[in-house]
Enquirer: 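Let me give you the structure first, and then I'll get to my questions.
Just so you know, ligand 1 is whichever comes first in the structure, and atom 1 is the first atom listed for that ligand.
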Amino acid sequence: RKKDKKEQKGSTFLVLANRLPVDSYTDENGNIQWKRSPGGLVTALEPMLKKREGAWIGWAGGTSEPPAPFREDGMKIVPIELTQEDVEEYYEGFSNATLWPLYHDAMVTPKFDRSWWGKYVEVNQRFADAAAKEAAEGGTVFIQDYQLQLVPQMLRELRPDVRIGFFLHIPFPPKELFSQLPWRRRVMEGLLGADLIGFQVHGAARNFLDLTRDFLGLSPTENTVVAKDGRQVKVDDYPISISSKEYDTLARSAEVEKLIHQYLSELGNRRIILGVDRLDYTKGIDRRLKAYREMLADGMLDPEEVVLVQVAPPSRERVESYAKLREEVEREVGGINGEFGRFGLPAVDYIPRSLNRTELAALFRIADLMMVTPIRDGMNLVCKEYVASRIFGNGNLILSEFAGAAQELKEAWLCNPHDIDGMKEVVKAAWDASEEEQKRRMSTMRDHVFEYDVDRWASDILHDLGID
Ligand code: ADQ
């Protein structure tokens with residue numbers, strides 16, 4: 001009863017994200033049940049959601065009518081409905097075929113479609129309305145990512161009493177690219193409705209602040225800008241991270257040990273190069289395969305001694321460029337295996353599905369070289385997971401300069417994925433690195449990843465939002 005009363009007053013801490021932190025499944029009696037989906041963000045925000053009267057507003061996936069709000073794991077879950085058309089225009093369209101490529105260096109041409117924009121506005125308004133209804137007087141609302149950039153302003157208009165934070169998980173582009181967006185001022189103004197805007201890296205925060213001057217005529221300083229209505233908005237970088245200790249513990253577990261034996265016997269007596277990415281054109285999988293193929297062809301690597309394990313679950317398959325990428329990657333893998341594989345021993349072991357954390361931890365532990373080679377990436381958590389899993393303090397992380405994580409993991413073998421020859425040299429150097437050299441680099445990176453874990457990220461950003 002006490003809870004009901006509290007609920008009527010609304011939530012004092014609200015998270016808004018495109019997706020809910022739960023997935024639905026049908027139990028043995030045919031009823032729909034919910035279980036928490038794995039992910040660092042929900043783990044990091046959980047203490048605050050539990051401490052306060054917490055709620056999470058988001059889309060459950062799918063287009064069937066969502067259930068009424070319910071409680072799960074100590075928080076209130078508020079599902080947002082998306083119709084088929086919403087999914088096509090707001091999500092697959094404006095979010096993933098306009099903003100995603102534009103914010104990642106326009107490496108795939110962004111599509112500017114006016115009806116997609118209209119739907120983006122409409123769905124952002126739906127999220128803002130739901131938050132306005134749900135938030136307690138003077139509460140805090142923490143909005144996530146590029147799908148919801150208009151919500152801060154929309155929510156402020158409805159509820160000037162709440163504190164609003166926004167965090168962008170992907171890069172924020174420089175003026176030269178952002179200028180292409182026909183609705184650029186609307187997006188800037190949308191974001192500026194927040195009290196705090198967080199980015200992954202300093203450069204992204206800088207890009208945003210510069211644009212407040214160029215497009216809105218404001219006068220930003222190092223970390224703040226005063227909006228047109230006189231509010232001070234804090235703009236800073238908050239590099240996101242992982243639950244490092246959890247990964248370390250998992251990597252030492254008996255289940256992982258068991259899988260390691262299994263994998264090693266399946267992969268033969270060869271050293272392992274590993275890639276783990278969502279199948280996305282930003283991740284540089286094609287360049288990695290090209291460099292690997294050339295190294296086999298040049299004799300820099302011997303196919304008897306090496307295998308590339310590439311885990312790449314398909315994502316966003318209904319967006320055209322993703323379907324195309326999948327074909328290209330699969331053709332290249334087939335080509336490499338045709339040329340360099342032997343019966344039962346492929347040169348590339350391609351796994352086109354998602355693995356669970358135990359399986360990933362086992363792969364991280366047996367990978368001599370981990371290749372994280374995005375063309376552009378807001379942060380990239382896979383490289384941090386590799387570092388946290390290297391319980392013996394050795395191993396080689398090859399990391400693109402264009403991942404946000406490269407700002408922190410300076411001891412990695414850094415590379416430019418556009419420079420195939422350069423990348424081959426770096427792989428070769430890492431391949432030949434002594435145990436001592438590996439440990440020197442890895443121990444510094446481990447210290448960093450353990451100190452700056454996702455709990456540290458959450459406490460830093462929530463502290464600056466004024467809730468501790
Ligand atoms: P993503 O682009 O999805 O995230 P990333 O940070 O590397 O990229 O991965 C997120 C998670 O997915 C990781 O925990 C990883 O283990 C998992 N994952 C990746 N491949 C997997 C596989 N094959 N099987 C199972 N799990 C897999 C966006 C931004 C990033 C930013 C994050 C968080 O693009 O730059 O780091 O958000 O802010």
Side-chain angles (χ1 to χ4, degrees), residues 15 17-19 21 23 37-45 95-96 99-105 107 142-148 166-173 198-201 203-204 237-244 246-247 250-251 274-285 288 309-316 319 322 325-326 329 349-364 367 370-389 397 399-409 449 452-454 457-458 461:
V15 177
N18 178 56
R19 287 302 295 267
D23 289 320
S37 40
L41 186 65
V42 55
T43 316
L45 297 175
S95 296
N96 288 332
L99 293 171
W100 178 270
L102 180 67
Y103 284 24
H104 288 88
D105 291 2
M107 52 181 299
F142 189 22
I143 302 160
Q144 310 295 316
D145 229 359
Y146 62 104
Q147 302 92 349
L148 303 177
F166 180 91
F167 183 74
L168 187 71
H169 290 256
I170 69 173
F172 190 82
F199 295 93
Q200 299 277 26
V201 294
D237 57 293
Y238 301 87
I240 203 165
S241 190
I242 58 164
S243 301
S244 312
E246 254 175 51
Y247 248 97
L250 179 62
L274 178 64
V276 173
D277 318 78
R278 240 181 346 95
L279 192 62
D280 192 297
Y281 51 79
T282 61
K283 303 291 183 186
I285 302 169
R288 188 182 313 156
V309 177
Q310 176 64 56
V311 188
S315 68
R316 306 177 189 171
V319 180
Y322 286 78
L325 173 74
R326 181 171 187 177
V329 166
D349 200 327
Y350 178 66
I351 308 170
R353 61 188 171 87
S354 173
L355 298 184
N356 65 38
R357 283 153 71 87
T358 311
E359 294 169 320
L360 284 180
L363 284 177
F364 291 143
M370 175 87 216
M371 290 188 75
V372 177
T373 57
I375 305 301
R376 181 63 71 187
D377 214 331
M379 175 54 58
N380 192 289
L381 296 180
V382 171
C383 57
K384 292 185 173 178
E385 292 165 354
Y386 177 68
V387 169
S389 306
L397 173 63
L399 179 60
S400 163
E401 293 162 22
F402 303 108
Q407 304 294 318
E408 297 174 79
L409 304 178
V449 167
Y452 296 96
D453 63 2
V454 74
W457 170 82
I461 195 163

Enquirer: I'd like to know if Gln200 contacts ligand 1, where contact means a heavy-atom distance under 4.0 Å to any ligand atom.
Expert: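 Flag set, Gln200 near ligand 1.
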
Enquirer: Mind checking whether His104 contacts ligand 1 via backbone (N, CA, C, O), side chain (CB onward), both or neither, at a 4.0 Å heavy-atom cut-off?
Expert: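 No part of His104 comes within reach of ligand 1.
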
Enquirer: Would you name the heavy atoms of Cys383 and Leu409 that are closest together and state the gap between them?
Expert: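 Between these two residues, the closest heavy atoms are SG-CD1, 4.0 Å.
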
Enquirer: What atoms of ligand 1 come closer than 4.0 angstrom to any heavy atom of Pro313?
Expert: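 The list of qualifying atoms is 22 (C), 23 (N).
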
Enquirer: For ligand 1, which atoms have a heavy atom of Ile240 less than 4.0 angstrom away?
Expert: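 The list of qualifying atoms is 33 (C), 38 (O).
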
Enquirer: Quick one: which ligand 1 atoms are inside 4.0 Å of a heavy atom on Ser354?
Expert: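 So the answer, numbered in order with elements, is 24 (N), 25 (C).
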
Enquirer: Does the distance from a Lys or Arg side-chain N to an Asp or Glu carboxylate O, for Lys384 and Asp453, drop under 4.0 Å?
Expert: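 No salt bridge links Lys384 with Asp453.
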
Enquirer: Yes or no, since that's all I need: does a protein heavy atom fall within a distance strictly under 4.0 Å of atom 11 (C) of ligand 1?
Expert: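 So far as the 4.0 Å threshold goes, atom 11 (C) of ligand 1 is out of reach of every protein heavy atom.
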
Enquirer: Is Leu355 in polar range of ligand 1, meaning some N or O pair under 3.5 Å apart?
Expert: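 By distance alone, the answer is yes.
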
Enquirer: Can you tell me how far the CD1 atom of Ile240 sits from the CD1 atom of Ile461, to the nearest 0.5 Å?
Expert: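 So the CD1 of Ile240 and the CD1 of Ile461 are separated by 8.0 Å.
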
Enquirer: Any N/O of Met379 closer than 3.5 Å to an N/O of ligand 1?
Expert: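 In this structure, Met379 places an N or O atom under 3.5 Å from an N or O of ligand 1.
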
Enquirer: Show which atoms of ligand 1 fall inside a sub-4.0 Å distance from at least one heavy-atom site of Leu360.
Expert: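 That gives atoms 16 (O), 25 (C), 26 (N) of ligand 1.
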
Enquirer: CG of Asn18 to CD1 of Ile143: how many Å apart, nearest 0.5 Å?
Expert: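 Those atoms lie 13.0 Å apart.
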
Enquirer: Give the intermediate values and the outcome of ring pair (Phe, Tyr, Trp, His ring centres under 6.0 Å) for residues Tyr238 and Phe167.
Expert: CA-CA 9 Å; Tyr238 301 87; Phe167 183 74; 7.1 Å; no

Enquirer: What is the nearest protein non-hydrogen atom to atom 6 (O) of ligand 1, stated with its residue, atom name and distance?
Expert: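 Of the protein heavy atoms, Leu381 N, 2.9 Å lies nearest.
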
Enquirer: Using a distance-only test with no angle check, is there a side-chain donor-acceptor pair under 3.5 angstrom linking His169 and Gln200?
Expert: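 There is no such pair (donor and acceptor under 3.5 Å, judged by atom type) between the side chains of His169 and Gln200.
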
Enquirer: Grab the two heavy atoms, one from Arg288 and one from Gly275, that are nearest each other, plus how far apart they are.
Expert: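 Here Arg288 and Gly275 meet closest at NH1-CA, 3.6 Å.
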
Enquirer: Looking at Gly378, which atoms of ligand 1 are within less than 4.0 Å of one of its heavy atoms?
Expert: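 Near Gly378, meaning under 4.0 Å from one of its heavy atoms, ligand 1 has 35 (O).
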
Enquirer: Looking at side-chain heavy atoms only, is the closest gap between Gln144 and Phe166 below 4.5 Å?
Expert: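 Side chain of Gln144 against side chain of Phe166, heavy atoms only: no contact under 4.5 Å found.
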
Enquirer: Give the ring-plane orientation class for Tyr247 versus Phe364, where under 30° counts as parallel, over 60° as perpendicular and anything between as tilted.
Expert: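 Tyr247 vs Phe364 ring planes: tilted.
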
Enquirer: Specify the protein heavy atom at minimum distance from atom 14 (O) of ligand 1: its residue, its atom name, and the distance to 0.1 Å.
Expert: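 Looking only at protein heavy atoms, the one closest to atom 14 (O) of ligand 1 is Glu385 OE2, 2.6 Å.
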
Enquirer: Can you tell me the protein heavy atom closest to atom 21 (C) of ligand 1 and the distance?
Expert: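 So the nearest neighbour among protein heavy atoms is Val276 CG1, 3.7 Å.
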
Enquirer: Are Tyr281 and Tyr322 close enough that their ring centres sit under 6.0 Å apart?
Expert: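 Between Tyr281 and Tyr322, the centre distance is under 6.0 Å.
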
Enquirer: When rounded to the nearest 0.5 angstrom, what is the spacing between OG in Ser241 and OH in Tyr452?
Expert: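 It is 11.0 Å, given to the nearest 0.5 Å.
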
Enquirer: Would you say ligand 1 has an N or O under 3.5 Å from any N or O of Tyr247?
Expert: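 No - when backbone and side-chain N and O of Tyr247 are compared with those of ligand 1, no distance drops under 3.5 Å.
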
Enquirer: Using a strict 4.0 Å cut-off to heavy atoms of Asn380, name the atoms of ligand 1 that fall inside it.
Expert: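 The list of qualifying atoms is 6 (O), 7 (O), 30 (C), 31 (C), 35 (O), 36 (O).
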
Enquirer: Around atom 35 (O) of ligand 1, find the nearest protein heavy atom and jot down its residue, atom name and distance.
Expert: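 So the nearest neighbour among protein heavy atoms is Asp377 OD1, 2.5 Å.
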
Enquirer: In terms of atom number and element, which parts of ligand 1 are under 4.0 angstrom from non-hydrogen atoms of Lys283?
Expert: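 Once the distances to Lys283 are compared, the set is 1 (P), 2 (O), 7 (O), 8 (O).
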
Enquirer: Would you check whether Arg278 has a nitrogen or oxygen atom less than 3.5 angstrom from a nitrogen or oxygen atom of ligand 1?
Expert: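 N/O-N/O distance below 3.5 Å exists for this pair.
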
Enquirer: With side chains defined as the heavy atoms from C-beta onward, is the minimum distance between Glu359 and Val311 less than 4.5 Å?
Expert: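 No, side chains not in contact.
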
Enquirer: Can you name the nearest heavy-atom pair linking Lys283 to Arg278, along with the distance?
Expert: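 Between these two residues, the closest heavy atoms are CG-O, 3.6 Å.
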
Enquirer: Give the numbers and elements of all ligand 1 atoms closer than 4.0 Å to a heavy atom of Trp100.
Expert: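 Atoms satisfying the 4.0 Å criterion: 34 (O).
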
Enquirer: For atom 25 (C) of ligand 1, is there a protein heavy atom at a distance under 4.0 Å?
Expert: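 Protein heavy atoms within 4.0 Å of atom 25 (C) of ligand 1 - there is at least one.
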
Enquirer: Kindly indicate whether atom 2 (O) of ligand 1 is approached by any protein heavy atom to under 4.0 angstrom.
Expert: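 Given the 4.0 Å cut-off, atom 2 (O) of ligand 1 counts as touching protein heavy atoms.
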
Enquirer: For atom 29 (C) of ligand 1, which protein heavy atom lies nearest, and how many Å away is it?
Expert: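 Ranking protein heavy atoms by distance from atom 29 (C) of ligand 1, first comes His169 O, 3.8 Å.
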
